[in-house]
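The structure appears below as structure tokens.
Here is how names work: the chains are called A, B, and so on, in the same order as the sequence lines, proteins then strands, and each is numbered from 1.
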Amino acid sequence: MKDAELESVKKVGKANGKKSAVKEELSDSESDVPLGKRGNKGKKSATPSKRTTRANTANAAQVKQENKTPKTNDTKAKRKRNESDSEFDDKKRPAKSTAKSAVKKASPQKKKKKEDPAEKDMSEKKKGKQKVVKEESDEEDDEEYRWWEAENAKGDGTVKWNTLEHNGVYFPPEYVPHNVKMKYDGKEVHLEPEAEEVATFYAAALNTEHVENPTFNENFFRDFKAILDKSDKNPPIEDFKKCDFTPILDHLEREKEKRKAMSKEEKQKLKEEKLQLEEKYGYCYLDGRKQKVGNFRIEPPSLFRGRGKHPKTGSLKLRVQPEQVTINIGKAAKVPEPPAGHNWNKVIHDNTVTWLATWKENVNENIKYVFLAANSTLKGQSDFKKFEKARELKDIVAKIRHDYNKDMTNKVTAIRQRATAMYFIDRLALRAGNEKKEGEEADTVGCCSLRFEHIRLEAGNTVHFDFLGKDSIRYQNTVTVDGQVFKNLKLFQRHKESDKDQLFDRVNTQELNKHLSSYMDGLTAKVFRTYNASHTFQEQLKNTPVSGSVNEKILAYNRANREVAILCNHQRTVSKTFDNQMNRIEDKIRALKYQKMRLKKTMLTLDPKLKKKRPELDEPESDLGEEWCEEYEKHLEEKEKDRLRKKFEKDNEKRKSEGKGPLSESELNEQLEEAEEKTKQLSKERKTGKMEVKKSQTVEKVEAQIEKVNERIKVVNLTKVEKEENKTTALGTSKINYIDPRISAAWCYKHDVPIDKIFNKSLRDKFKWAMEVDKNWKF
DNA sequence: CTAAGAACTTAGCACGAGGTGT
DNA sequence: ACACCTCGTGCTAAGTTCTTAG
């Protein structure tokens, strides 16, 4: 069997994790199924984004496994027509039956709504087939519809719905001028509302690093001036350097304060208004089932904040008018009213797409859409399909690897290049790398668009990667590649005229994907990323300690997650307060160790003979310097004194209210002195090792206390380790997009970890289709 | 075929609500 | 009760891939 190919996963220095400078082999074997670990360097990048990059991970052995998709319950599936009638009236829609009701059999239906013939047409025209799975409109509301148990859970991909009702989109409110004057050349100037709005956008950016970016400033100022010129009531503003927006920023900050200081009632009111909006625009009815809409708010005007060196960053993104917005809605549904005095661009009824509204944004001319939320059936189904596709790849990946290894030596350069590119996509989980429009977008690359300047070859089949990928995130990785891959890279390099030349000049993503699709319908470059991520995750989970605590298991889970994040190069900026947070945790640990140290001494005091039998009791705690202890003791003293003073005050107040006279100051002072004494005592005890022992204390009791402290130290240490390892790595993206949630669910069942320890509410909601797998389910 | 357009997934970050420790 | 932080959430930019136009 082809999958005998086990790979050689070498565990990357997990203990030292992240920062290890370990370099590892990528793969090696000539066997067609290499796989292996990725090297990881973890050096600080010099990139402006001040991130650390790395990429590595193990790719693991293939587990063969029959993949069962969730069982379907075919009997049910009786089509029922939704009764959605025109308006949204929740009352009409019976509230759901509670969720957990186990597999519900399709509830017998009730009235069917007459179907719009045109709509039917549409659904049939594309492919005819596909009976859309819709049932039980009764159950409406919440997640009642268990599409993954329905007959054709996959849907066929062309017809996305039969009926669709919604209330359109929400437009941000008109601009309300604040009349705060900016300064030009030191003098206050008045701006017309339109210009004031733009000035305010800039003012709001003053505390960000955008304003240090000349491109941002140039683009902003060009667009700002154009707006200024629209009215001759605006002052002549010619020189950006003479502009001072700080008065507006101050105003914004004051407003923010005000908002913070609002009364409970006011806040409550705002909240309700927001809720009302969500009520109206936040839901739609798709095939009669209530679904959450993702982004029903039209994007408000702003300054475009492109990432990295985006040439258009800072440009003014204009307010979107209803006249630009196209609405997509069911034929039978009531068309939402555009805002008063306005019209929609158009209203269409296309049931082969999933969006409810669309418009074109002016800065990059990108098309924007209003889609359903992540927990909707539509999104859930396509998520499911994505992972099933990746699982299909599992069965043929050996063949694909075999083929590209063979193609590595093909005489046709294009084929060699393709093979080499596939190797990177497969082994390093690189993105496809489409061409980008020069001068219109940031210069970032993926596999097919790599240039010679992005790799450096080193003897020993070593390749250093260093380039900016999606979102201008730096990808740095050092990898030992297969010998033939190395030879190919050298070969391609021979023909280069410039470092700016494409590494794979005969390959593009369309071709590459076309080739991939010859192996399997729907196979594209990105499937490898999904496959590799989920596969790696599943393998890494094997390191879960079987008898560990829940916390330790979760740590293992997060480690596995982290390996995937590293593989996919998912990064985040280091939090400004990171060092601080770290110091706090360390202090916390030291405080615990201090406690433990005292407990140990107590034991020895109780039973001096233990010194011989249990020499470890006499050993000092690591990390607990003399100096630190003194400081800590002082700190304890201060805290105690504070407490005493407060208590004193409180007592006095109480006495006053009871008509008694105040306690005397000397009483307090006495107590304060006691606290000081206590410190001295602590210090003395620490130095002599002779503890003052309470009668009730016994060796056994103290021992138990030590055990407890040890537990706590362990827990805090775990959080410290995690925090460190997560410094620059973002786990969320892979969890949300790349890791098959069924792996996680199965792991939870197998290891008895509550699912909400790893999936928050929205993830559980998004992945509800994945929650019912067997604990032995395999990706 | 190639290029542009359209549709949908993937991505990091800002911000604020709510929980936690003092 | 308060500051402080954590974490979830919303936002929208930036990718990939599919589709259509030329």
Can you tell which of [options] lies closest to the side chain of [X]?
| X | options | result |
| --- | --- | --- |
| A:N513 | B:dC8, C:dT17, C:dC4 | C:dT17 |
| A:R431 | B:dC8, C:dT9, B:dA11 | B:dA11 |
| A:R307 | B:dT10, C:dT16, C:dA14 | C:dA14 |
| A:N760 | B:dT10, B:dC8, C:dT9 | C:dT9 |
| A:E299 | C:dT12, B:dT9, B:dA11 | C:dT12 |
| A:R572 | C:dC5, C:dT16, B:dC13 | B:dC13 |
| A:H310 | B:dT9, C:dA14, C:dC5 | C:dA14 |
| A:K256 | C:dG15, C:dA13, B:dG16 | B:dG16 |
| A:T524 | C:dA14, B:dC8, C:dC18 | C:dC18 |
| A:Q581 | C:dT17, C:dT6, C:dC11 | C:dT6 |

Name the nucleic acid region contacted by [X], choosing base, sugar-phosphate or nothing; use a 4.0 angstrom heavy-atom cut-off, strictly under.
| X | answer |
| --- | --- |
| A:G446 | nothing |
| A:T509 | nothing |
| A:F304 | sugar-phosphate |
| A:K317 | sugar-phosphate |
| A:K723 | sugar-phosphate |
| A:K470 | base |
| A:T354 | sugar-phosphate |
| A:G433 | sugar-phosphate |
| A:G306 | sugar-phosphate |
| A:K271 | sugar-phosphate |
| A:K386 | sugar-phosphate |

For DNA chain B, whose closest nucleotide is more 5', that of A:N508 or that of A:Y369?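 Upstream on the strand: A:N508.
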Pick the closest DNA chain B nucleotide for A:R529 and for A:F371 by heavy atoms, then say which residue is nearer the 5' end.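 Nearer the 5' end of the strand: A:F371.
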Answer yes or no: does a side-chain N or O of [X] lie under 4.0 Å from OP1 or OP2 of [N]?
| X | N | answer |
| --- | --- | --- |
| A:S762 | C:dT9 | yes |
| A:T444 | C:dA14 | no |
| A:K526 | B:dT10 | yes |
| A:K368 | C:dA13 | yes |
| A:N434 | C:dT16 | yes |
| A:S382 | B:dC8 | no |
| A:K379 | B:dT9 | yes |

Quick check: [Y] with [X] (ring centres under 6.0 Å apart)?
| X | Y | result |
| --- | --- | --- |
| A:H310 | A:F304 | yes |
| A:F779 | A:F537 | no |
| A:H210 | A:F220 | no |

Between [N] atom [atom2] and [X] atom [atom1], what is the distance in whole Å?
| X | N | atom1 | atom2 | result |
| --- | --- | --- | --- | --- |
| A:F387 | B:dT10 | CZ | P | 7 Å |
| A:N737 | B:dC8 | CG | C1' | 12 Å |
| A:Q510 | B:dA3 | CD | C1' | 9 Å |
| A:K389 | C:dC18 | NZ | P | 10 Å |
| A:L356 | B:dA6 | CG | P | 18 Å |
| A:K576 | B:dC13 | NZ | P | 11 Å |
| A:N366 | B:dA7 | CG | P | 13 Å |
| A:L763 | C:dC7 | CG | P | 14 Å |

Run the salt-bridge test on [X] and [Y] with the 4.0 Å N-O cut-off and return the result as yes or no.
| X | Y | value |
| --- | --- | --- |
| A:D765 | A:K292 | no |
| A:D383 | A:K386 | yes |
| A:E272 | A:K269 | no |

Between A:A442 and A:R297, which residue's closest nucleotide on DNA chain C lies nearer the 5′ terminus?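 Of the two residues, A:R297 wins.
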Using heavy atoms to find the nearest nucleotide of DNA chain C for A:T577 and A:P300 separately, return the residue whose nucleotide is more 5′.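 The residue whose closest nucleotide sits nearer the 5' end is A:T577.
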Can you say whether the rings of A:W769 and A:F767 are parallel (under 30°), tilted (30 to 60°) or perpendicular (over 60°)?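 Rings of A:W769 and A:F767: perpendicular, over 60°.
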Without hydrogens or angle criteria, can the side chains of A:N345 and A:T326 be said to hold a donor-acceptor pair below 3.5 Å?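 Judged by distance alone, the side chains do pair up.
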